[in-house]
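In what follows, chains are A, B, ... by sequence order, proteins preceding strands, each numbered from 1.
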Protein chains: 4
Amino acid sequence: MSEAVGFVGLGHMGLPMAHNLLRAGYRLRVYNRTPAKAAALAEQGAELVGRPADVAAPGGIVITMVANDQALEAVTLGADGFGEQLGPGGVHLSMSTVSPAIAQRLAAHYQARGAAYVAAPVFGRPDAAAARKLWVCTSGPQAAKERVRPVLDALGQGIFDFGAAPEAAHVVKVAGNFLIVSAMEAMAEAFTLAEKHGIERGQIASMLAQTIFACPIYQNYGKMIAEETYAPAGFRLALGAKDLNLVLDAASTARVPMPFASLLHDRMLSALAKGRADMDWTAVGLAVSEDAGLK
Amino acid sequence: MSEAVGFVGLGHMGLPMAHNLLRAGYRLRVYNRTPAKAAALAEQGAELVGRPADVAAPGGIVITMVANDQALEAVTLGADGFGEQLGPGGVHLSMSTVSPAIAQRLAAHYQARGAAYVAAPVFGRPDAAAARKLWVCTSGPQAAKERVRPVLDALGQGIFDFGAAPEAAHVVKVAGNFLIVSAMEAMAEAFTLAEKHGIERGQIASMLAQTIFACPIYQNYGKMIAEETYAPAGFRLALGAKDLNLVLDAASTARVPMPFASLLHDRMLSALAKGRADMDWTAVGLAVSEDAGLK
Amino acid sequence: MSEAVGFVGLGHMGLPMAHNLLRAGYRLRVYNRTPAKAAALAEQGAELVGRPADVAAPGGIVITMVANDQALEAVTLGADGFGEQLGPGGVHLSMSTVSPAIAQRLAAHYQARGAAYVAAPVFGRPDAAAARKLWVCTSGPQAAKERVRPVLDALGQGIFDFGAAPEAAHVVKVAGNFLIVSAMEAMAEAFTLAEKHGIERGQIASMLAQTIFACPIYQNYGKMIAEETYAPAGFRLALGAKDLNLVLDAASTARVPMPFASLLHDRMLSALAKGRADMDWTAVGLAVSEDAGLK
Amino acid sequence: MSEAVGFVGLGHMGLPMAHNLLRAGYRLRVYNRTPAKAAALAEQGAELVGRPADVAAPGGIVITMVANDQALEAVTLGADGFGEQLGPGGVHLSMSTVSPAIAQRLAAHYQARGAAYVAAPVFGRPDAAAARKLWVCTSGPQAAKERVRPVLDALGQGIFDFGAAPEAAHVVKVAGNFLIVSAMEAMAEAFTLAEKHGIERGQIASMLAQTIFACPIYQNYGKMIAEETYAPAGFRLALGAKDLNLVLDAASTARVPMPFASLLHDRMLSALAKGRADMDWTAVGLAVSEDAGLK
């Protein structure tokens, strides 16, 4: 029988991921800040616990899928966190989009206790999570990565490794999200240019999605930006703004000027200032239309 | 037997396109500023002429594949141009990347003479041209577009139409090129961020090219930017700079602020100032590395 | 008695300048597209003529103070222009804000005819023109500059020379206007930052204007931007947009990336798209407030 | 006899300020991390102490002039800090350029202990500090501000008040520094444009400094940027980079997109990446020249 795995964070992504682990035969001890979300999981056999610390078994695996650095710090190093419970041989499989800095801090914390931090952030939205179609980027100690491999196989369709540094996979993840938002802004500019020249946004979007940009990001987000369906949110703009902050922090640390990222950060800031935190993150495109005198 | 078609401009793109027309059974009258390039075509049966005006037969079709607006103006409205030779029923099939403004001027010129301007710029590099894998965007009068359809079928793998306005397909083309350069810059920023965090550029490029950005632009240009192979040029940076100018001109005309395009224009300008006109246009990425203190 | 001087362009700037020349004892032959504006001048002794060509006397001086390159081209090289009337020894004293490119063209035109082009654009608004408080930047042939010196002394409070090149003073002028708009944007950003932190815009503006930025640009425009009095226009935003275009054209020609100028160009474009052409050019600051969710 | 004042931080600014207080008759207890710098002060009667905590007398005044938030936190809330020694009635007169956030934290800390935080950052370089020519911006509790007024009068030539909020004057200070760096970048762009059009940088700088920008920032920094004398540092670029970070943090908190500030942040980051931390902060202009293919 499979080993028990701890799981913290049952949001839009965490919940379907936890389901897939149950389906793959893992026993789960789960914690979520709002317990109601865990009810369906409990019916399927997951054990609900009252504190993050209770998901961990000495030497076991704990997965986190939480909103941001603050949440991750709380469930690990906070008063009720599992940071001291993981123990020798334990692995913290950190799958959220968090900062390289916190990964380094946690890795040092675990190393001093004989445990390991494995970074494993994912690309994919909730439907991809449900369909086990996530792409996973990993980094961390080799032995720990090998140990969690079956767990990751139960969650995604492919794993890409980026070496031993605890923060490496997180850098790759935030760089990837930056590329996504860059594509959104570029499409919004291109489609608005077309629109003001009398061309339908949907027509240019469709052509590009079938030809030189025939890939999911341009196809899916391109459709939303062409149709200007910025709500409801598949991924909240407030979270996208957080990710841009992570990119710029990582850029400052490494001293890499990223002018596109700076510009996108300002777009996000403006969207937040205008009350668009709960719109989809594609709503950066709304400002492009507004700046062109549309809307 | 197929009708005779005029063809002006035997550069990296024009030459393989003309070959494909010969292969498809078209008789060709070709003109190139430097006649030597046309020799191979002549061996295959193309008729070489000494002036652009001589490629046109009254009521016939003339294809242009030239470097820029100035060249297009010279071969059409210039002293030796074919602008007066096309005559009633003639079609100028304009496949270069040129400005919406010159398309409107030429369309008006032809309309007054009973001829037609069909915009048909293409996406694809010389190898795609040779393999009949170009994507073609068209706009112009419906009857004229129907007439040239077999010609376009002999050149590309798909045609996308954008209505009757002579400039529409050109707007789409320059918008597409803008999207390509945006992707380059974004990748260069992301890869440099990764590099300065100790991650190999090639590794992140490869992951993205297999997952969320599995499309030609990210795959092909991503590889070049990851490997920093900015020469020899597949597409000269000087031409990319020209295309960015076309984008910004179209944006000014329509009053669409395009901050990414403005930033890319400055990147191109800097590259030209540094003597990089003959490098590949992916060399915009070189400045990203330099700004980060690399090189 | 002073010699007769031709004067073309009686707008907000040209009219008070022409008055000052009359006051200084010059005889004037004036042309304006809308003759009504010249009536007051005529009462004071100016001779009104019906075509630009008629302001010029062979070997004489003609001043132009017109809106843009197109207007300058029309009154010089156009059908009724004075470009052929100036004759050997004549001087075209070009005081408008126009492009370096047209200056070079006109200089070559005159040189071939024994006449001279003297660039003499000015800094100062209409009230400064009326008060003979303009600052004049000159460039052009030395002898011609010496000849027009008394005329310039009657118009401004100081002359700064930039050598023999016909375009030099125009480059300086557009660079200066770029600096002014940069200061506006910077102030708008700073004041909006203060405002959203609960500080009155007027208070920070006033402190800066009395201390490290105690100069006219920050004092006068700072007050407008602090009070957000963007109308009526002292200098129309549409003209500011034109000037930004001149800056970017000069930057492209010389291959100088100017990221602030590119950003300001986009601000201007957005303002035009939103129908703000007739507001004061300080209205670039309005978008800063809007982007911050104010208004 | 004047009361004793504590003084922490004897750097380029702090040392001349402390001298002026001695001259004005204040008794000083001073602390500096490197005691050697305090020797000259001791000869003039200042009392040197070994820990920040020792500069404070219960209910007294302590001035801080330190490098950044980290240093300020260390000397106040750190193990040897004076944060607990100030006591009821005490005033921390905080004159460094620090973040609005730390001002709020310290103000809350003191309020709970009956003491007060007065923000009093200054504009002016070391020579202005020595000459009592600083401009001081204040904010904080009214009574505390009145009490420290004579102290500030001994240090500067003018005081501008921004109300009761502890962070207000700091926001104004970082906004002011942002304006300064914006002026530097704008001048560097303008001068480089001129240079590449064959005009001497010094000539355009001089004209502007005598006319529309006749104020210290444009006169002093304009000269340095025109002459490209980027070393030795009057104000280290690394500190300028820190200030830009403070601006962007304040902008993020208040949700104010500041595109000029974002661009300048990237300039600073690039300069740091290129090893220019110890050059003068005007060296942002160096990159403008490099981007234009000069150097």
K.L.:
Within a strict 4.5 Å, meaning less than it, do heavy atoms of the Glu189(C) and Val256(D) side chains meet?
P.N.:
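Side-chain contact under 4.5 Å: no.
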K.L.:
Of the backbone (N, CA, C, O) and the side chain (C-beta and beyond), which part of Leu264(D) lies under 4.5 Å from a heavy atom of chain C, both, or neither?
P.N.:
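Contact with chain C involves the side chain of Leu264(D) alone.
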K.L.:
Drop me the distance from His197(D)'s NE2 to Phe162(C)'s CZ, to the nearest 0.5 angstrom.
P.N.:
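Here the rounded value is 14.0 Å.
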K.L.:
Flag yes if more than 12 heavy atoms outside Glu200(D) fall under 6.0 Å of its CD atom; otherwise flag no.
P.N.:
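12 or below, so no.
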K.L.:
Identify which part of Leu179(C) has an atom lying under 4.5 Å from any heavy atom of chain D, answering side chain, backbone, both or neither.
P.N.:
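Answer is both: backbone and side chain atoms of Leu179(C) are under 4.5 Å from chain D.
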K.L.:
Check each atom of Ala165(D) against the heavy atoms of chain C and say whether the ones under 4.5 Å are side chain, backbone, both or neither.
P.N.:
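Neither part.
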K.L.:
Which pair of heavy atoms, one from Pro259(C) and one from Arg267(D), lies closest together, and at what distance?
P.N.:
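So the minimum-distance heavy-atom pair works out to CG-NH2, 3.4 Å.
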K.L.:
Measure distances from Ile212(D) to the heavy atoms of chain C and classify the residue's part below 4.5 Å as side chain, backbone, both or neither.
P.N.:
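Contact with chain C is through both the backbone and side chain of Ile212(D).
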K.L.:
Can you say whether Phe123(D) sits under 4.5 Å from chain C via the side chain, the backbone, both, or neither, judging by heavy atoms?
P.N.:
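Contact with chain C: side chain only.
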K.L.:
Can you tell me which portion of Leu193(C) sits under 4.5 Å from chain D's heavy atoms? Options are side chain, backbone, both or neither.
P.N.:
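Contact with chain D: backbone and side chain both.
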K.L.:
Give, for atom CZ of Phe160(D) and atom CD of Gln203(C), the distance between the pair rounded to the nearest 0.5 Å.
P.N.:
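The distance works out to 10.5 Å.
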K.L.:
Heavy-atom count check: over 12 atoms from other residues, nucleotides or ligands less than 6.0 Å from His12(C) NE2?
P.N.:
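Counting other residues, nucleotides and ligands, NE2 of His12(C) stays at 12 neighbours or fewer.
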K.L.:
Restricting to non-hydrogen atoms, name the atom on Ser182(D) and the atom on Phe260(C) that form the minimum distance, rounded to 0.1 Å.
P.N.:
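What the structure gives for the nearest pair is O-CE2, 3.5 Å.
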K.L.:
Give, as side chain, backbone, both or neither, the part of Asp161(D) having an atom under 4.5 angstrom from any heavy atom of chain C.
P.N.:
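Just the backbone, heavy atoms under 4.5 Å.
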K.L.:
Would you please classify the geometry between the Tyr218(D) ring and the Tyr218(C) ring as parallel, tilted or perpendicular, with 30° and 60° separating the classes?
P.N.:
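Judged by the thresholds at 30° and 60°, the geometry between Tyr218(C) and Tyr218(D) is tilted.
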K.L.:
Is it the side chain or the backbone of Phe178(D) that comes within 4.5 Å of chain C heavy atoms, both, or neither?
P.N.:
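Side chain only.
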K.L.:
Please state whether the side chain, the backbone, both or neither of Glu195(D) comes within less than 4.5 Å of a heavy atom of chain C.
P.N.:
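Glu195(D) has no heavy atom closer than 4.5 Å to chain C.
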K.L.:
By a 4.5 Å heavy-atom criterion (distance strictly below it), what part of Ile199(D) contacts chain C: side chain, backbone, both, or neither?
P.N.:
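Only the side chain of Ile199(D) comes within 4.5 Å of chain C.
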K.L.:
Indicate the atoms forming the closest heavy-atom contact of Met258(C) with Ala190(D), along with that distance.
P.N.:
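For Met258(C) and Ala190(D), the tightest heavy-atom pair comes out as CE-N, 4.4 Å.
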K.L.:
Got more than 12 heavy atoms from elsewhere within 6.0 Å of CD, Gln111(D)?
P.N.:
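For Gln111(D), atom CD is not crowded (no more than 12 foreign heavy atoms under 6.0 Å).
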K.L.:
For Cys215(C) and Cys215(D), which heavy atoms make the closest approach, and how far apart are they?
P.N.:
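Closest pair (atom of Cys215(C), atom of Cys215(D), distance): SG-SG, 2.5 Å.
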K.L.:
Less than 4.5 Å to any heavy atom of chain D: does that hold for the side chain of Ile204(C), its backbone, both, or neither?
P.N.:
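It is both, since atoms from each part get that close.
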K.L.:
Which atom names give the shortest non-hydrogen contact between Pro216(C) and Thr211(D), and what distance separates them?
P.N.:
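Taking Pro216(C) first and Thr211(D) second, the nearest heavy atoms are CD-O, 4.3 Å.
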